[in-house]
Undergrad: 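If you scroll down you'll find the structure; I have some questions about it.
Just so it is clear: chains get the letters A, B, ... in the order the sequence lines come, proteins before strands, and each one is counted from 1. Bear in mind that the values here come from a model prediction, so they are computed numbers and not experimental data.
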Amino acid sequence: AEAARRLAAPMRERLVERGSERLYDEIELPLTAVLAAMEDAGVKIDTYRMGEITARLADRVEELEARAIELAGEEFMLGSTQQVARILFEKLELTPGRKGKTGYSTDTRVLRSIRGEHEIVGVLEEWRELSKLINTYLGPLPSLISESDGRLHTTFNQTVASTGRLSTTNPNLQAIPIRTELGREIRSAFVAEPGCRLISADYSQVELRILAHVSGEPVLREAFARNEDIHARTAAEVLDKDQATLTKDERNIAKMVNFGIIYGISSFGLSENLEIPREQAQEYIDTYLARFPHVQDFIERTIERAERDGHVTTLLGRRRPVPEIRVRNRQTRALGERLAVNSVMQGTAADVIKVAMIRIHDRLREEGRAGRLVLQVHDELLLEAPETETSAVRELVRREMCAAYPLDPPLAVDIGAGDDWNSAKS
DNA sequence: TAACCAAGCCAC
DNA sequence: AAACGTGGCTTGGTTA
Ligand SMILES: Nc1nc2c(ncn2[C@H]2C[C@H](O)[C@@H](COP(=O)(O)OP(=O)(O)OP(=O)(O)O)O2)c(=O)[nH]1
Ligand SMILES: [Mn+2]
Ligand SMILES: [Mn+2]
(Lines give C-alpha, C1' and ligand atoms only; values in the text may rest on other atoms or scores of the structure.)
(Ligands and ions follow the chains in the order given, each with its own letter.)
Protein backbone atom coordinates (compact mmCIF):
# COMPACT_ATOMS: atom_id res chain seq x y z
CA ALA A 1 0.00 0.00 0.00
CA GLU A 2 2.86 2.32 0.85
CA ALA A 3 4.57 1.55 -2.44
CA ALA A 4 1.38 2.34 -4.36
CA ARG A 5 1.01 5.63 -2.51
CA ARG A 6 4.53 6.70 -3.40
CA LEU A 7 4.04 5.71 -7.03
CA ALA A 8 0.86 7.71 -7.54
CA ALA A 9 2.48 11.10 -8.18
CA PRO A 10 5.11 9.95 -10.70
CA MET A 11 2.50 7.86 -12.50
CA ARG A 12 0.18 10.85 -12.72
CA GLU A 13 3.03 12.89 -14.14
CA ARG A 14 3.68 10.27 -16.77
CA LEU A 15 -0.01 10.34 -17.75
CA VAL A 16 0.12 14.10 -18.19
CA GLU A 17 3.35 13.93 -20.15
CA ARG A 18 1.87 11.38 -22.54
CA GLY A 19 -1.43 13.16 -22.97
CA SER A 20 -3.35 10.23 -21.59
CA GLU A 21 -4.72 11.85 -18.46
CA ARG A 22 -8.29 12.14 -19.73
CA LEU A 23 -8.23 8.60 -21.11
CA TYR A 24 -7.34 7.40 -17.64
CA ASP A 25 -9.64 9.66 -15.60
CA GLU A 26 -12.67 9.50 -17.86
CA ILE A 27 -12.45 6.02 -19.31
CA GLU A 28 -10.07 3.47 -17.84
CA LEU A 29 -10.62 4.31 -14.18
CA PRO A 30 -14.44 4.52 -14.27
CA LEU A 31 -14.48 1.37 -16.39
CA THR A 32 -13.00 -0.72 -13.57
CA ALA A 33 -16.24 -0.52 -11.57
CA VAL A 34 -18.27 -1.50 -14.64
CA LEU A 35 -16.08 -4.52 -15.28
CA ALA A 36 -16.26 -5.54 -11.63
CA ALA A 37 -20.06 -5.42 -11.80
CA MET A 38 -20.03 -7.51 -14.99
CA GLU A 39 -17.74 -10.12 -13.48
CA ASP A 40 -20.00 -10.23 -10.47
CA ALA A 41 -23.14 -10.60 -12.60
CA GLY A 42 -21.87 -13.56 -14.61
CA VAL A 43 -24.01 -15.34 -17.19
CA LYS A 44 -26.47 -18.21 -16.87
CA ILE A 45 -25.66 -21.52 -18.57
CA ASP A 46 -28.27 -24.10 -19.54
CA THR A 47 -26.36 -27.12 -18.25
CA TYR A 48 -29.06 -29.48 -19.40
CA ARG A 49 -28.69 -28.30 -22.99
CA MET A 50 -24.92 -28.60 -22.74
CA GLY A 51 -25.27 -32.09 -21.34
CA GLU A 52 -27.50 -33.14 -24.22
CA ILE A 53 -24.98 -31.95 -26.79
CA THR A 54 -22.10 -33.61 -24.96
CA ALA A 55 -23.92 -36.92 -24.76
CA ARG A 56 -24.61 -36.83 -28.47
CA LEU A 57 -20.99 -36.00 -29.32
CA ALA A 58 -19.11 -38.27 -26.95
CA ASP A 59 -20.10 -41.43 -28.84
CA ARG A 60 -19.37 -39.89 -32.19
CA VAL A 61 -15.87 -38.82 -31.17
CA GLU A 62 -15.00 -42.32 -29.97
CA GLU A 63 -16.34 -43.76 -33.19
CA LEU A 64 -14.17 -41.37 -35.20
CA GLU A 65 -11.09 -42.17 -33.18
CA ALA A 66 -11.55 -45.92 -33.69
CA ARG A 67 -12.17 -45.42 -37.39
CA ALA A 68 -9.06 -43.27 -37.83
CA ILE A 69 -6.89 -45.90 -36.16
CA GLU A 70 -8.46 -48.60 -38.30
CA LEU A 71 -7.78 -46.62 -41.48
CA ALA A 72 -4.23 -45.84 -40.39
CA GLY A 73 -3.54 -49.48 -39.64
CA GLU A 74 -1.93 -48.62 -36.31
CA GLU A 75 -2.60 -46.99 -32.96
CA PHE A 76 -1.75 -43.30 -32.81
CA MET A 77 -2.74 -40.20 -30.89
CA LEU A 78 -5.13 -38.13 -32.96
CA GLY A 79 -4.22 -35.08 -30.91
CA SER A 80 -0.55 -35.30 -31.82
CA THR A 81 0.13 -33.25 -34.93
CA GLN A 82 3.49 -34.96 -35.34
CA GLN A 83 1.96 -38.42 -35.33
CA VAL A 84 -0.82 -37.32 -37.66
CA ALA A 85 1.77 -35.90 -40.06
CA ARG A 86 3.74 -39.15 -39.99
CA ILE A 87 0.63 -41.20 -40.77
CA LEU A 88 -0.61 -38.92 -43.53
CA PHE A 89 2.58 -37.96 -45.31
CA GLU A 90 4.95 -40.88 -44.65
CA LYS A 91 2.83 -43.96 -44.17
CA LEU A 92 -0.05 -43.07 -46.50
CA GLU A 93 2.07 -40.82 -48.76
CA LEU A 94 -0.59 -38.15 -49.18
CA THR A 95 0.38 -34.78 -50.69
CA PRO A 96 2.16 -32.67 -48.07
CA GLY A 97 1.58 -28.95 -47.95
CA ARG A 98 3.34 -26.28 -45.97
CA LYS A 99 6.00 -27.01 -43.40
CA GLY A 100 6.57 -25.56 -39.99
CA LYS A 101 9.48 -25.74 -37.58
CA THR A 102 8.75 -29.32 -36.66
CA GLY A 103 7.73 -30.73 -40.03
CA TYR A 104 4.66 -30.93 -42.22
CA SER A 105 1.63 -28.91 -41.23
CA THR A 106 -1.63 -30.75 -40.63
CA ASP A 107 -3.87 -27.73 -40.09
CA THR A 108 -7.43 -27.32 -41.35
CA ARG A 109 -6.46 -25.93 -44.74
CA VAL A 110 -3.97 -28.70 -45.47
CA LEU A 111 -6.51 -31.34 -44.50
CA ARG A 112 -9.20 -29.73 -46.65
CA SER A 113 -6.91 -29.74 -49.67
CA ILE A 114 -6.21 -33.49 -49.41
CA ARG A 115 -9.69 -34.52 -48.36
CA GLY A 116 -10.22 -36.44 -51.58
CA GLU A 117 -7.02 -38.46 -51.31
CA HIS A 118 -7.94 -40.77 -48.44
CA GLU A 119 -10.91 -41.55 -46.25
CA ILE A 120 -8.95 -40.89 -43.07
CA VAL A 121 -8.71 -37.16 -43.79
CA GLY A 122 -12.42 -36.49 -43.38
CA VAL A 123 -12.43 -38.55 -40.21
CA LEU A 124 -9.63 -36.42 -38.77
CA GLU A 125 -11.36 -33.20 -39.79
CA GLU A 126 -14.56 -34.13 -38.01
CA TRP A 127 -12.62 -35.42 -34.99
CA ARG A 128 -10.79 -32.08 -34.76
CA GLU A 129 -14.00 -30.06 -34.80
CA LEU A 130 -15.79 -32.20 -32.24
CA SER A 131 -12.91 -32.70 -29.83
CA LYS A 132 -12.18 -28.96 -29.87
CA LEU A 133 -15.73 -28.12 -28.87
CA ILE A 134 -15.92 -30.86 -26.23
CA ASN A 135 -12.56 -30.16 -24.63
CA THR A 136 -12.71 -26.38 -24.71
CA TYR A 137 -16.40 -25.65 -24.06
CA LEU A 138 -18.76 -28.53 -23.34
CA GLY A 139 -16.49 -30.13 -20.76
CA PRO A 140 -14.89 -27.20 -18.89
CA LEU A 141 -17.67 -24.57 -18.87
CA PRO A 142 -20.24 -26.42 -16.76
CA SER A 143 -17.57 -27.27 -14.20
CA LEU A 144 -16.67 -23.58 -13.82
CA ILE A 145 -20.18 -22.60 -12.79
CA SER A 146 -20.29 -20.96 -9.39
CA GLU A 147 -21.76 -22.96 -6.53
CA SER A 148 -23.18 -19.88 -4.90
CA ASP A 149 -25.21 -18.37 -7.72
CA GLY A 150 -25.25 -21.02 -10.44
CA ARG A 151 -23.74 -18.64 -12.99
CA LEU A 152 -20.53 -18.53 -14.99
CA HIS A 153 -18.12 -15.70 -14.11
CA THR A 154 -15.22 -14.60 -16.30
CA THR A 155 -12.32 -12.29 -15.47
CA PHE A 156 -11.85 -9.13 -17.54
CA ASN A 157 -8.26 -8.07 -18.18
CA GLN A 158 -7.91 -4.36 -18.76
CA THR A 159 -4.14 -4.22 -19.27
CA VAL A 160 -3.23 -7.15 -21.51
CA ALA A 161 -4.00 -6.23 -25.12
CA SER A 162 -1.57 -3.69 -26.56
CA THR A 163 -4.29 -1.96 -28.59
CA GLY A 164 -6.51 -1.21 -25.60
CA ARG A 165 -8.93 -4.05 -26.17
CA LEU A 166 -10.17 -6.02 -23.19
CA SER A 167 -9.48 -9.70 -22.88
CA THR A 168 -11.22 -12.35 -20.76
CA THR A 169 -9.84 -15.43 -19.05
CA ASN A 170 -10.88 -18.40 -17.01
CA PRO A 171 -13.02 -18.91 -18.96
CA ASN A 172 -12.47 -16.85 -22.10
CA LEU A 173 -16.03 -15.81 -22.88
CA GLN A 174 -14.90 -13.73 -25.85
CA ALA A 175 -14.30 -16.87 -27.92
CA ILE A 176 -17.58 -18.75 -27.64
CA PRO A 177 -18.29 -20.63 -30.90
CA ILE A 178 -20.64 -19.19 -33.50
CA ARG A 179 -19.24 -20.22 -36.89
CA THR A 180 -20.54 -23.77 -37.26
CA GLU A 181 -23.99 -25.19 -36.64
CA LEU A 182 -22.67 -27.13 -33.65
CA GLY A 183 -20.96 -24.00 -32.40
CA ARG A 184 -24.23 -22.10 -32.49
CA GLU A 185 -25.84 -24.88 -30.47
CA ILE A 186 -23.22 -24.36 -27.80
CA ARG A 187 -23.79 -20.63 -27.86
CA SER A 188 -27.50 -21.21 -27.38
CA ALA A 189 -26.69 -22.73 -23.98
CA PHE A 190 -25.88 -19.19 -22.79
CA VAL A 191 -29.34 -18.19 -21.60
CA ALA A 192 -31.32 -15.52 -19.78
CA GLU A 193 -32.89 -16.10 -16.36
CA PRO A 194 -36.57 -17.03 -16.48
CA GLY A 195 -38.56 -13.86 -17.06
CA CYS A 196 -35.55 -12.16 -18.65
CA ARG A 197 -34.07 -11.76 -22.12
CA LEU A 198 -30.54 -11.50 -23.41
CA ILE A 199 -29.88 -8.43 -25.54
CA SER A 200 -26.96 -8.48 -27.97
CA ALA A 201 -25.76 -5.21 -29.50
CA ASP A 202 -22.93 -5.37 -32.03
CA TYR A 203 -21.39 -2.43 -33.90
CA SER A 204 -21.87 -2.73 -37.65
CA GLN A 205 -18.59 -3.03 -39.64
CA VAL A 206 -16.99 -1.08 -36.87
CA GLU A 207 -13.35 -0.80 -37.94
CA LEU A 208 -14.38 -0.02 -41.51
CA ARG A 209 -16.47 2.90 -40.27
CA ILE A 210 -13.57 4.11 -38.15
CA LEU A 211 -11.29 3.82 -41.15
CA ALA A 212 -13.75 5.83 -43.26
CA HIS A 213 -13.75 8.50 -40.56
CA VAL A 214 -10.02 8.80 -39.92
CA SER A 215 -9.07 8.58 -43.59
CA GLY A 216 -11.93 10.78 -44.79
CA GLU A 217 -12.27 8.47 -47.77
CA PRO A 218 -15.31 9.80 -49.66
CA VAL A 219 -16.04 6.55 -51.50
CA LEU A 220 -16.25 4.69 -48.20
CA ARG A 221 -18.20 7.46 -46.49
CA GLU A 222 -20.75 7.61 -49.28
CA ALA A 223 -21.14 3.85 -49.23
CA PHE A 224 -21.99 4.00 -45.52
CA ALA A 225 -24.29 6.96 -46.12
CA ARG A 226 -26.20 4.74 -48.55
CA ASN A 227 -26.33 2.16 -45.78
CA GLU A 228 -24.25 -0.29 -47.79
CA ASP A 229 -22.79 -3.44 -46.30
CA ILE A 230 -19.14 -3.44 -47.40
CA HIS A 231 -18.50 -6.96 -46.14
CA ALA A 232 -21.41 -8.24 -48.22
CA ARG A 233 -20.35 -6.21 -51.21
CA THR A 234 -16.82 -7.64 -51.11
CA ALA A 235 -18.26 -11.15 -50.72
CA ALA A 236 -20.44 -10.69 -53.77
CA GLU A 237 -17.51 -9.42 -55.82
CA VAL A 238 -14.93 -11.97 -54.72
CA LEU A 239 -17.29 -14.94 -54.93
CA ASP A 240 -19.14 -13.60 -57.96
CA LYS A 241 -22.54 -14.02 -56.36
CA ASP A 242 -25.66 -11.96 -55.85
CA GLN A 243 -25.55 -10.10 -52.52
CA ALA A 244 -28.99 -11.42 -51.63
CA THR A 245 -27.88 -15.04 -51.86
CA LEU A 246 -24.85 -14.76 -49.56
CA THR A 247 -24.49 -17.05 -46.54
CA LYS A 248 -23.01 -15.98 -43.20
CA ASP A 249 -19.92 -18.01 -44.00
CA GLU A 250 -19.42 -16.14 -47.24
CA ARG A 251 -19.82 -12.77 -45.58
CA ASN A 252 -17.30 -13.86 -42.93
CA ILE A 253 -14.77 -14.71 -45.63
CA ALA A 254 -15.23 -11.20 -47.03
CA LYS A 255 -14.72 -9.75 -43.57
CA MET A 256 -11.33 -11.40 -43.46
CA VAL A 257 -10.55 -10.08 -46.96
CA ASN A 258 -11.56 -6.52 -46.09
CA PHE A 259 -9.55 -6.32 -42.89
CA GLY A 260 -6.71 -8.34 -44.35
CA ILE A 261 -6.21 -5.92 -47.21
CA ILE A 262 -6.49 -2.84 -45.02
CA TYR A 263 -4.00 -4.20 -42.53
CA GLY A 264 -1.38 -5.18 -45.08
CA ILE A 265 -1.98 -8.78 -46.17
CA SER A 266 0.31 -9.98 -48.97
CA SER A 267 -0.78 -11.62 -52.18
CA PHE A 268 0.70 -14.80 -50.73
CA GLY A 269 -1.42 -14.58 -47.58
CA LEU A 270 -4.59 -13.71 -49.43
CA SER A 271 -4.08 -16.49 -51.96
CA GLU A 272 -3.58 -18.99 -49.12
CA ASN A 273 -6.68 -17.82 -47.33
CA LEU A 274 -8.95 -17.73 -50.35
CA GLU A 275 -7.28 -20.70 -52.04
CA ILE A 276 -6.83 -18.75 -55.26
CA PRO A 277 -3.76 -18.05 -57.46
CA ARG A 278 -1.36 -15.36 -56.25
CA GLU A 279 -1.89 -13.27 -59.37
CA GLN A 280 -5.61 -13.08 -58.72
CA ALA A 281 -4.97 -12.22 -55.07
CA GLN A 282 -2.64 -9.41 -56.09
CA GLU A 283 -5.29 -8.09 -58.44
CA TYR A 284 -7.87 -8.00 -55.65
CA ILE A 285 -5.50 -6.06 -53.42
CA ASP A 286 -4.64 -3.56 -56.14
CA THR A 287 -8.22 -2.92 -57.24
CA TYR A 288 -9.35 -2.69 -53.65
CA LEU A 289 -6.81 -0.09 -52.61
CA ALA A 290 -7.18 1.83 -55.87
CA ARG A 291 -10.87 2.25 -55.14
CA PHE A 292 -10.04 3.97 -51.83
CA PRO A 293 -7.16 6.38 -52.53
CA HIS A 294 -7.63 8.29 -49.27
CA VAL A 295 -7.22 5.04 -47.36
CA GLN A 296 -3.85 4.56 -49.02
CA ASP A 297 -2.87 8.09 -48.03
CA PHE A 298 -3.96 7.47 -44.47
CA ILE A 299 -1.91 4.27 -44.28
CA GLU A 300 1.18 6.12 -45.52
CA ARG A 301 0.70 9.02 -43.14
CA THR A 302 0.17 6.66 -40.20
CA ILE A 303 3.38 4.82 -40.98
CA GLU A 304 5.32 8.08 -41.28
CA ARG A 305 3.94 9.28 -37.97
CA ALA A 306 4.87 6.03 -36.28
CA GLU A 307 8.42 6.31 -37.62
CA ARG A 308 8.70 9.91 -36.43
CA ASP A 309 7.05 9.58 -33.01
CA GLY A 310 7.73 5.94 -32.21
CA HIS A 311 4.07 5.44 -31.46
CA VAL A 312 0.55 5.87 -32.86
CA THR A 313 -2.53 7.22 -31.10
CA THR A 314 -6.24 6.50 -31.22
CA LEU A 315 -9.04 9.05 -31.54
CA LEU A 316 -9.32 9.22 -27.76
CA GLY A 317 -5.59 9.60 -27.17
CA ARG A 318 -4.50 6.08 -26.40
CA ARG A 319 -0.88 5.40 -27.33
CA ARG A 320 0.59 2.27 -28.85
CA PRO A 321 4.38 2.26 -28.90
CA VAL A 322 5.74 0.85 -32.16
CA PRO A 323 9.46 0.26 -31.59
CA GLU A 324 9.39 -2.38 -34.34
CA ILE A 325 9.16 0.31 -36.99
CA ARG A 326 12.61 1.70 -36.18
CA VAL A 327 14.67 -1.46 -36.20
CA ARG A 328 16.94 -2.45 -39.10
CA ASN A 329 15.46 -5.88 -39.71
CA ARG A 330 13.04 -5.34 -42.58
CA GLN A 331 10.75 -8.16 -41.48
CA THR A 332 10.29 -6.57 -38.09
CA ARG A 333 9.90 -3.16 -39.65
CA ALA A 334 7.17 -4.42 -41.97
CA LEU A 335 5.46 -5.86 -38.93
CA GLY A 336 5.72 -2.46 -37.25
CA GLU A 337 4.04 -0.80 -40.23
CA ARG A 338 1.14 -3.22 -40.13
CA LEU A 339 0.52 -2.96 -36.42
CA ALA A 340 0.82 0.82 -36.48
CA VAL A 341 -2.09 0.97 -38.92
CA ASN A 342 -4.11 -1.74 -37.20
CA SER A 343 -3.71 -0.22 -33.75
CA VAL A 344 -5.40 3.02 -34.78
CA MET A 345 -8.63 1.27 -35.80
CA GLN A 346 -8.64 -1.55 -33.27
CA GLY A 347 -7.67 0.82 -30.47
CA THR A 348 -10.25 3.43 -31.42
CA ALA A 349 -12.95 0.76 -31.51
CA ALA A 350 -11.86 -0.28 -28.02
CA ASP A 351 -12.01 3.33 -26.79
CA VAL A 352 -15.48 3.81 -28.22
CA ILE A 353 -17.09 0.73 -26.71
CA LYS A 354 -15.54 1.51 -23.33
CA VAL A 355 -17.24 4.91 -23.35
CA ALA A 356 -20.51 3.23 -24.26
CA MET A 357 -20.14 0.70 -21.45
CA ILE A 358 -19.62 3.38 -18.81
CA ARG A 359 -22.61 5.39 -20.00
CA ILE A 360 -24.90 2.39 -20.32
CA HIS A 361 -23.95 1.14 -16.87
CA ASP A 362 -24.63 4.57 -15.38
CA ARG A 363 -27.85 5.18 -17.30
CA LEU A 364 -29.30 1.83 -16.32
CA ARG A 365 -28.65 2.59 -12.65
CA GLU A 366 -29.99 6.14 -12.91
CA GLU A 367 -33.18 4.82 -14.43
CA GLY A 368 -33.42 2.19 -11.73
CA ARG A 369 -33.37 -0.67 -14.22
CA ALA A 370 -32.73 -4.28 -13.30
CA GLY A 371 -31.19 -4.76 -16.73
CA ARG A 372 -27.42 -5.10 -16.58
CA LEU A 373 -24.32 -5.55 -18.68
CA VAL A 374 -23.12 -9.13 -18.74
CA LEU A 375 -20.37 -9.49 -21.35
CA GLN A 376 -18.27 -7.43 -23.76
CA VAL A 377 -16.95 -9.10 -26.89
CA HIS A 378 -14.78 -6.37 -28.44
CA ASP A 379 -17.52 -4.58 -30.38
CA GLU A 380 -20.52 -6.30 -28.85
CA LEU A 381 -22.34 -5.86 -25.57
CA LEU A 382 -24.46 -8.60 -24.05
CA LEU A 383 -27.07 -7.53 -21.50
CA GLU A 384 -29.62 -9.35 -19.44
CA ALA A 385 -32.90 -7.58 -18.68
CA PRO A 386 -36.37 -8.40 -17.40
CA GLU A 387 -38.80 -8.96 -20.27
CA THR A 388 -40.74 -5.90 -19.22
CA GLU A 389 -37.65 -3.73 -19.69
CA THR A 390 -36.40 -5.26 -22.90
CA SER A 391 -37.53 -2.66 -25.40
CA ALA A 392 -36.56 0.29 -23.20
CA VAL A 393 -33.12 -1.16 -22.50
CA ARG A 394 -32.67 -1.97 -26.15
CA GLU A 395 -33.23 1.63 -27.17
CA LEU A 396 -31.05 2.97 -24.38
CA VAL A 397 -28.23 0.69 -25.49
CA ARG A 398 -28.56 1.64 -29.13
CA ARG A 399 -28.58 5.32 -28.29
CA GLU A 400 -25.52 5.19 -26.07
CA MET A 401 -23.50 2.93 -28.34
CA CYS A 402 -24.16 5.09 -31.41
CA ALA A 403 -23.53 8.31 -29.51
CA ALA A 404 -20.41 7.13 -27.69
CA TYR A 405 -18.27 8.96 -30.20
CA PRO A 406 -19.54 10.99 -33.15
CA LEU A 407 -18.04 9.73 -36.39
CA ASP A 408 -18.55 10.53 -40.05
CA PRO A 409 -19.94 8.09 -41.08
CA PRO A 410 -21.84 7.58 -37.83
CA LEU A 411 -21.59 4.39 -35.81
CA ALA A 412 -24.39 1.89 -36.37
CA VAL A 413 -25.46 -1.02 -34.17
CA ASP A 414 -27.25 -4.30 -34.83
CA ILE A 415 -29.40 -5.26 -31.86
CA GLY A 416 -31.40 -8.37 -31.10
CA ALA A 417 -33.03 -9.96 -28.08
CA GLY A 418 -33.83 -13.55 -27.24
CA ASP A 419 -33.91 -16.29 -24.66
CA ASP A 420 -30.35 -17.28 -25.50
CA TRP A 421 -27.21 -15.70 -26.93
CA ASN A 422 -27.56 -17.36 -30.31
CA SER A 423 -31.12 -16.22 -30.93
CA ALA A 424 -30.31 -12.76 -29.59
CA LYS A 425 -27.70 -12.38 -32.34
CA SER A 426 -29.96 -13.58 -35.14
C1' DT B 1 6.41 -32.69 -11.31
C1' DA B 2 6.20 -28.21 -13.02
C1' DA B 3 7.26 -24.94 -16.59
C1' DC B 4 7.73 -24.05 -21.23
C1' DC B 5 7.01 -24.21 -26.38
C1' DA B 6 4.81 -25.20 -30.88
C1' DA B 7 0.82 -26.32 -33.34
C1' DG B 8 -3.70 -25.80 -33.84
C1' DC B 9 -8.13 -23.46 -33.42
C1' DC B 10 -11.93 -20.72 -30.98
C1' DA B 11 -13.42 -15.67 -31.25
C1' DC B 12 -13.31 -10.42 -32.49
C1' DA C 1 12.80 -14.81 -46.70
C1' DA C 2 8.66 -13.44 -45.27
C1' DA C 3 4.48 -12.03 -46.19
C1' DC C 4 -3.55 -8.74 -42.02
C1' DG C 5 -4.08 -7.54 -36.52
C1' DT C 6 -5.83 -8.59 -31.18
C1' DG C 7 -6.50 -12.23 -27.73
C1' DG C 8 -6.93 -17.39 -24.74
C1' DC C 9 -7.22 -22.57 -24.27
C1' DT C 10 -5.87 -27.40 -25.16
C1' DT C 11 -2.80 -30.80 -26.52
C1' DG C 12 1.51 -33.29 -27.06
C1' DG C 13 6.24 -33.08 -26.53
C1' DT C 14 10.13 -31.30 -24.45
C1' DT C 15 13.03 -29.25 -20.88
C1' DA C 16 14.48 -27.96 -15.94
N1 LIG D 1 -7.54 -7.47 -38.51
C2 LIG D 1 -8.68 -8.16 -38.31
N3 LIG D 1 -9.64 -7.62 -37.54
C4 LIG D 1 -10.76 -8.32 -37.36
C5 LIG D 1 -10.96 -9.60 -37.93
N6 LIG D 1 -12.17 -10.04 -37.53
C7 LIG D 1 -12.70 -9.07 -36.77
N8 LIG D 1 -11.86 -8.02 -36.66
C9 LIG D 1 -12.08 -6.75 -35.96
C10 LIG D 1 -12.56 -5.73 -36.98
C11 LIG D 1 -14.05 -5.74 -36.82
O12 LIG D 1 -14.64 -4.53 -37.25
C13 LIG D 1 -14.17 -5.96 -35.33
C14 LIG D 1 -15.49 -6.52 -34.89
O15 LIG D 1 -15.71 -7.78 -35.48
P16 LIG D 1 -17.12 -8.21 -36.05
O17 LIG D 1 -17.11 -9.70 -36.23
O18 LIG D 1 -18.21 -7.67 -35.21
O19 LIG D 1 -17.15 -7.60 -37.51
P20 LIG D 1 -17.67 -6.18 -38.02
O21 LIG D 1 -18.08 -5.30 -36.90
O22 LIG D 1 -16.61 -5.62 -38.93
O23 LIG D 1 -18.89 -6.56 -38.94
P24 LIG D 1 -20.42 -6.87 -38.53
O25 LIG D 1 -21.24 -5.86 -39.24
O26 LIG D 1 -20.52 -6.80 -37.02
O27 LIG D 1 -20.66 -8.28 -38.98
O28 LIG D 1 -13.11 -6.87 -35.00
C29 LIG D 1 -9.92 -10.14 -38.74
O30 LIG D 1 -10.00 -11.26 -39.29
N31 LIG D 1 -8.80 -9.37 -38.88
MN1 LIG E 1 -19.47 -5.85 -35.45
MN1 LIG F 1 -18.72 -8.44 -33.09
Undergrad: Mind listing the residues from residues 266-288 of chain A sitting with a heavy atom below 4.0 Å of DNA chain B? Number order is fine.
TA: none
Undergrad: Checking A/Gln331 now: which residues fulfil side chain to side chain donor-acceptor pair (under 3.5 Å) with it, not counting sequence neighbours?
TA: none
Undergrad: With side-chain contact (heavy atoms from CB on, under 4.5 Å) as the test, pick out the partner of A/Tyr284 among A/Leu274, A/Ile265, A/Val257, A/Thr234.
TA: A/Leu274
Undergrad: To the nearest Å, how far apart are A/Ile134 CD1 and B/dG8 C1'?
TA: 17 Å
Undergrad: Suppose we call a contact any N or O donor and acceptor under 3.5 Å apart; does that hold for the side chain of A/Lys132 and the base of B/dC9?
TA: yes
Undergrad: Starting at atom CD of A/Gln346, determine the distance to atom C1' of B/dC12, rounded to an integer number of angstrom.
TA: 8 Å
Undergrad: As an exercise, state the distance from CD of A/Gln205 to CG of A/Asp379, rounded to the nearest 0.5 Å.
TA: 11.0 Å
Undergrad: Rounding to an integer number of Å, can you tell me how far A/Leu133 CG sits from C/dC9 P?
TA: 16 Å
Undergrad: Answer yes or no: is there an ion pair linking A/Glu272 with A/Arg109, defined by an N-O contact shorter than 4.0 Å?
TA: yes
Undergrad: Go through residues 164-178 of chain A and report each residue with a non-hydrogen atom lying under 4.0 Å from DNA chain B, sorted by number.
TA: A/Arg165, A/Gln174, A/Ala175, A/Ile176, A/Pro177, A/Ile178
Undergrad: What does A/Gln82 touch in the nucleic acid at a heavy-atom separation under 4.0 angstrom: a base, only the sugar-phosphate, or nothing?
TA: sugar-phosphate
Undergrad: Name the nucleic acid region contacted by A/Val160, choosing base, sugar-phosphate or nothing; use a 4.0 angstrom heavy-atom cut-off, strictly under.
TA: sugar-phosphate
Undergrad: Show which side-chain atoms of residues 34-45 of chain A pair as donor or acceptor with protein atoms under 3.5 Å away, not counting sequence neighbours.
TA:
{"residue": "A/Glu39", "atom": "OE2", "partner": "A/Phe156", "partner atom": "N", "Å": "2.7"}

Undergrad: Taking A/Glu395 first and then A/Arg398, would you say they form a salt bridge - that is, a charged N and a carboxylate O separated by under 4.0 Å?
TA: yes
Undergrad: What does the list of N/O pairs under 3.5 Å between the protein and nucleotides 1-5 of chain B look like, with a distance for each?
TA:
none

Undergrad: Roughly how far, to the nearest 0.5 Å, is the CG atom of A/Asp46 from the CD1 atom of A/Ile186?
TA: 13.0 Å
Undergrad: Mark yes or no for whether A/Asp107, through its side chain, and A/Val110, through its backbone, hold a donor-acceptor pair below 3.5 Å.
TA: yes
Undergrad: Can you tell me which nucleotide in C/dG7, C/dC4, B/dC12 comes closest to the side chain of A/Met256?
TA: C/dC4
Undergrad: To the nearest angstrom, how far is A/Phe156 atom CZ from C/dG7 atom P?
TA: 17 Å
Undergrad: What is the distance from CD of A/Glu207 to C1' of C/dT6, rounded to the nearest Å?
TA: 9 Å
Undergrad: Among C/dA3, C/dT6, C/dG12, which nucleotide has an atom closest to any side-chain atom of A/Ser80?
TA: C/dG12
Undergrad: Take atom CG of A/Leu208 and atom C1' of C/dC4, then tell me their distance rounded to the nearest Å.
TA: 13 Å
Undergrad: Among C/dG5, B/dC12, C/dT10, which nucleotide sits nearest the side chain of A/Asn342?
TA: C/dG5
Undergrad: Among B/dG8, C/dG5, B/dC12, which nucleotide has an atom closest to any side-chain atom of A/Asp107?
TA: B/dG8
Undergrad: Send over the distance from A/Arg128 CZ to C/dC9 P, rounded to a whole Å.
TA: 21 Å
Undergrad: Would you say the ring centers of A/Phe259 and A/His231 fall short of 6.0 Å from each other?
TA: yes
Undergrad: Heavy atoms under 4.0 Å, any strand shown: does A/Leu335 hit a base, just sugar-phosphate, or nothing?
TA: sugar-phosphate
Undergrad: When the side chains of residues 290-301 of chain A are checked against the rest of the protein, which donor-acceptor pairs come out under 3.5 Å, sequence neighbours left out?
TA:
{"residue": "A/Arg291", "atom": "NH2", "partner": "A/Glu237", "partner atom": "OE1", "Å": "3.1"}

Undergrad: Holding to salt bridge (Lys or Arg N to Asp or Glu O under 4.0 Å), I want the full list of residues that pass it with A/Glu70, two or more places apart in sequence or in another chain.
TA: A/Arg67
Undergrad: Residues in side chain to side chain donor-acceptor pair (under 3.5 Å) with A/His361, at least two apart?
TA: none
Undergrad: Name the nucleic acid region contacted by A/Ser162, choosing base, sugar-phosphate or nothing; use a 4.0 angstrom heavy-atom cut-off, strictly under.
TA: sugar-phosphate
Undergrad: Specify the residues of residues 65-78 of chain A, ordered by number, for which at least one heavy atom lies under 4.0 angstrom from an atom of DNA chain B.
TA: none
Undergrad: Could you check which of C/dG7, C/dG5, C/dC9 has an atom nearest any side-chain atom of A/Thr136?
TA: C/dC9
Undergrad: Do A/Arg251 and A/Asp229 meet the salt-bridge criterion of a basic N to acidic O distance under 4.0 Å?
TA: yes
Undergrad: Is any side-chain heavy atom of A/Arg187 closer than 4.5 Å to a side-chain heavy atom of A/Pro177?
TA: no
Undergrad: Please give the distance between the P atoms of B/dA7 and C/dA3 as a whole number of Å.
TA: 13 Å
Undergrad: Applying side chain to side chain donor-acceptor pair (under 3.5 Å), can you list everything that pairs with A/Arg338, at least two apart in sequence or on another chain?
TA: none
Undergrad: For A/Tyr137 and B/dA11, give me the distance from atom OH to atom P, rounded to whole Å.
TA: 6 Å
Undergrad: Taking salt bridge (Lys or Arg N to Asp or Glu O under 4.0 Å) as the definition, give me every residue that meets it alongside A/Lys91, ordered by chain and number, with sequence neighbours left out.
TA: A/Glu74
Undergrad: Look at A/Glu181 together with A/Arg184 and state whether they make a salt bridge at an N to O cut-off of under 4.0 Å.
TA: yes
Undergrad: When you measure from every atom of DNA chain C, which of residues 314-332 of chain A have a heavy atom less than 4.0 Å away?
TA: A/Arg320, A/Gln331
Undergrad: Under a 4.0 Å N-O cut-off, is there an ion pair linking A/Arg60 with A/Glu126?
TA: yes
Undergrad: Touch check for A/Ser343, heavy atoms < 4.0 angstrom, all strands: base, sugar-phosphate only, or nothing?
TA: nothing
